Amino acid sequence: MSKFKVVITDYEFSTLAPEEEVLATVDAELIRTQCKTDKEIIEAAKEADALLNQYATISRNVIEKLPNLKVISRYGVGVNTIDIDAATENGVMVGNVTDYCMDEVSDHAFALIMACARKVVQLNNEVKAGKWDFKVSAPIYRLPGRVLGLVGLGRIPQTLAKKAQAFGIKVVAYDPFVPVEVAKDLNVELVQLNELCERSDFVSVHAPLVEATRGMISDEQFKLMKKEAFIINTARGPVIDEKALIRALEAGEIAGAGLDVTEVEPIQEDNPLLEMDNVIINPHAAWYSEEAQLELKRKTAQNIADALGGYYPTYLFNKEVKEKVSLKEK
C-alpha cells in the first residue's frame, strides 16, 4: 500500500505516466477521476493527501470536507478554479506552474496579432469562397510604428514585448504591480489602462483572472480604442466583458479580435462572435506544445511530491500558508 493518496479531480490528457513517475518518488498513488461537482470530488478524495486539478472547481466546501488534504496543485498558471482563501485558512498549500509556456503563449499572442494585422484568416476564407481580391482586407497598415498595449506585464507579456519590438512595434503596458525599472529595462512605457486603450493599435490581455480583473476591459475601454484597433486575449476570457466586446464589434468601435479564450468554454453555439468575420477564435490552445505539456505535467506533480516529501513546493502560490504549515525550503 502506498504511503500517500493523490486524486486527480479531472484531466484531458491521454497519459498520466509523467505524473505517476514523479509521484512514485514519494510513494504516492495516483487515483484517476473525472469529477464535475463538489459531491463527486468529496466522495473520490475523502482520504486524499493531495489533489491534482485541471478544470474542476475546488470550493471551500470541498476543502473543508477533506481532512487529510495537504496540497492542491493545478495544471497551469491561473488558480481561479481554487478557493485560495479557504485553502490558506485550512493550511492547504496551493501550487501552480508559472513558467512552462512563456514562449508558446507569447508566440500564440503574436500569431493572433499578425493574423489580425494582415487579415490572414479573412483573406483565406474569401479565397476559399471563390473571391480573389486583396481589397476585401482593406485597410491593412504596416507594423513598424504601431503600438502594442499589454494589459499585464508578467513573464509572458515581457517575452511578447521583445518579439513585437523586433518587428518595429512600440510597446506600452498597464500593470500596477510591476516596478518602473523593470519596464524601463524592457523599453516598455508604463501607462494607465485607459491611456493604453486610447494609444494602442493592438491590445493584448495577459492579466490573471481575479475579482479585480473580471470584466476590466468593458464598454468604457472599447469606446476609447481606435476604430482600427484589435484586441487579443490569451489570458482568461472573463477579463474581457464579452457582451461589451460584442457591442463594440457590432458598432464598429474596434476593428476585430483574436481570442484564444472566451467567457464560457467551450464557446456556446449561439455566441455572436462565431458569426463575425473579423474575429478569430481558438480553443484555449496558446499554452500547448508537446514540450510545454510534458513540462506542465511533471512540474504540477512535483509540487505535490515536494509537499508530501516535507518541502514547500517550488511553485507555491499561497505563500501566506507558511504561517500554518512548517516545511523545509528546497
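Starting from 1, each residue takes its place in the sequence as its number. Only a predicted model underlies this, so the values are computations on that prediction, with no experimental measurement involved.
Residue R118 qualifies as open at atom CZ: its count of foreign heavy atoms under 6.0 Å is 12 or below. Atom NZ of K163 has more than 12 heavy atoms from other residues, nucleotides or ligands within 6.0 Å.
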Verdict with reasoning, I82 to N53, per side chain to side chain contact (heavy atoms under 4.5 Å, CB included): CA-CA 9 Å; I82 303 166; N53 170 247; 4.1 Å; yes

N194 vs E198, side-chain hydrogen bond (donor to acceptor under 3.5 Å, both in side chains): CA-CA, chis, key distance, verdict: CA-CA 6 Å; N194 282 0; E198 288 178 326; over 6 Å; no

Chi angles and distances behind the ring-ring contact (aromatic ring centres under 6.0 Å, His included) call for Y55, Y11: CA-CA 8 Å; Y55 300 123; Y11 62 98; over 10 Å; no

Derivation and outcome, side chain to side chain contact (heavy atoms under 4.5 Å, CB included), residues I63 and I72: CA-CA 10 Å; I63 291 167; I72 305 166; 4.2 Å; yes

Trace of the side-chain hydrogen bond (donor to acceptor under 3.5 Å, both in side chains) decision for D83 with S59: CA-CA 5 Å; D83 188 324; S59 67; over 6 Å; no

Criterion side chain to side chain contact (heavy atoms under 4.5 Å, CB included) on L196 and Y174, from CA distance to verdict: CA-CA 7 Å; L196 179 147; Y174 166 70; 4.0 Å; yes

Worked verdict on Y315 versus D99 for side chain to side chain contact (heavy atoms under 4.5 Å, CB included): CA-CA 9 Å; Y315 301 95; D99 59 358; 2.9 Å; yes

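D49 and K70 are joined by a salt bridge, as a carboxylate oxygen and a charged side-chain nitrogen come within less than 4.0 angstrom of each other. Under a 4.0 Å N-O distance rule, the pair K135/D133 qualifies as a salt bridge. Using a 4.0 Å cut-off between charged nitrogen and carboxylate oxygen, R32 and E20 count as a salt-bridge pair. Remark: E40 does not engage K36 in a salt bridge, criterion side-chain N to carboxylate O under 4.0 Å. A salt bridge is absent between R298 and E295: the closest approach of a Lys/Arg side-chain nitrogen to an acidic carboxylate oxygen does not fall below 4.0 angstrom. Under 4.0 Å is where a charged nitrogen must lie from a carboxylate oxygen, and between E253 and K227 no such pair does. A salt bridge does not link K184 with E189: none of the charged nitrogens is closer than 4.0 Å to a carboxylate oxygen. Using a cut-off of 4.0 Å between Lys/Arg side-chain N and Asp/Glu carboxylate O, D27 and K3 are scored as not salt-bridged.
For D277 against Q122, the heavy-atom pair with the smallest separation is O-CB, 4.5 Å. Taking all atoms of both residues into account, the shortest heavy-atom contact from L160 to S204 is CD2-OG, 3.7 Å. Between V77 and V97, the closest heavy-atom pair is CG2-O, 3.3 Å. For the residue pair M93 and A307, the shortest heavy atom distance occurs at CE-CB, 3.6 Å. Heavy-atom minimum distance, A44 versus C35: CB-SG, 4.1 Å. When all heavy atoms are compared, the tightest approach of R199 to K226 is O-NZ, 3.1 Å.
One side chain, N61 or D38, offers a donor N or O that lies under 3.5 Å from an acceptor on the other. With 3.5 Å as the limit, one finds a donor-acceptor pair spanning the side chains of R74 and T81. Under 3.5 Å, the side chains of T88 and E320 contain no donor-acceptor pair of N or O atoms. No hydrogens or angles considered: nothing links the side chains of S73 and N96 as a donor-acceptor pair under 3.5 Å. Residues E19 and Y75 bring a donor and an acceptor atom of their side chains to less than 3.5 Å of each other. A donor-acceptor pair shorter than 3.5 Å cannot be found between the side chains of N233 and H206.
Each of K299, K328, K330 was compared with D306 under the salt bridge (Lys or Arg N to Asp or Glu O under 4.0 Å) criterion, and only K330 meets it.
The aromatic ring centroids of F110 and F167 lie less than 6.0 Å from each other.
At least one side-chain heavy atom of F202 sits less than 4.5 Å from a side-chain heavy atom of L143. In this structure, the side chains of E242 and L273 come closer than 4.5 Å at one or more pairs of heavy atoms.
Connection of V92 to F4 is not established within any shared hydrophobic cluster, with ILVMFWY side chains joined at heavy-atom distances below 4.5 Å, either directly or through further cluster members. Neither I31 nor V6 shares a network with the other; the hydrophobic side chains, linked directly or stepwise wherever heavy atoms of I, L, V, M, F, W or Y lie under 4.5 Å apart, form separate groups for each. Residues L69 and I304 do not share a hydrophobic cluster, clusters being chains of Ile/Leu/Val/Met/Phe/Trp/Tyr side chains in contact below 4.5 Å. The hydrophobic clustering, which links ILVMFWY residues whose side-chain heavy atoms are closer than 4.5 Å, places L245 and F230 apart. Under a hydrophobic clustering in which Ile, Leu, Val, Met, Phe, Trp and Tyr are joined whenever their side-chain heavy atoms come within less than 4.5 Å, directly or via other members, L66 and V71 fall into different clusters.
Separation of atoms CD1 (I58) and CZ (R60) is listed at 14.0 Å; rounding is to 0.5 Å. Summarising the geometry, atom CD belonging to Q54 is positioned 8.0 Å from atom CG belonging to L296; distances are rounded to the nearest 0.5 Å. For the atom pair CG of L316 and OG1 of T314, the computed distance is 9.5 Å after rounding to the nearest 0.5 Å.
For the pair K322 and Y312, the cation-pi criterion (under 6.0 Å, within 45° of the ring axis) is fulfilled. Cation-pi geometry between R146 and Y141 is met: the NZ or CZ atom falls under 6.0 Å from the ring centre, inside 45° of the normal.
Within the 3.5 Å criterion, the main-chain N or O of N187 finds a donor-acceptor partner in the side chain of Q165.
The aromatic rings of F13 and W287 lie perpendicular to each other, with more than 60° between the two planes, well past the 30° mark.
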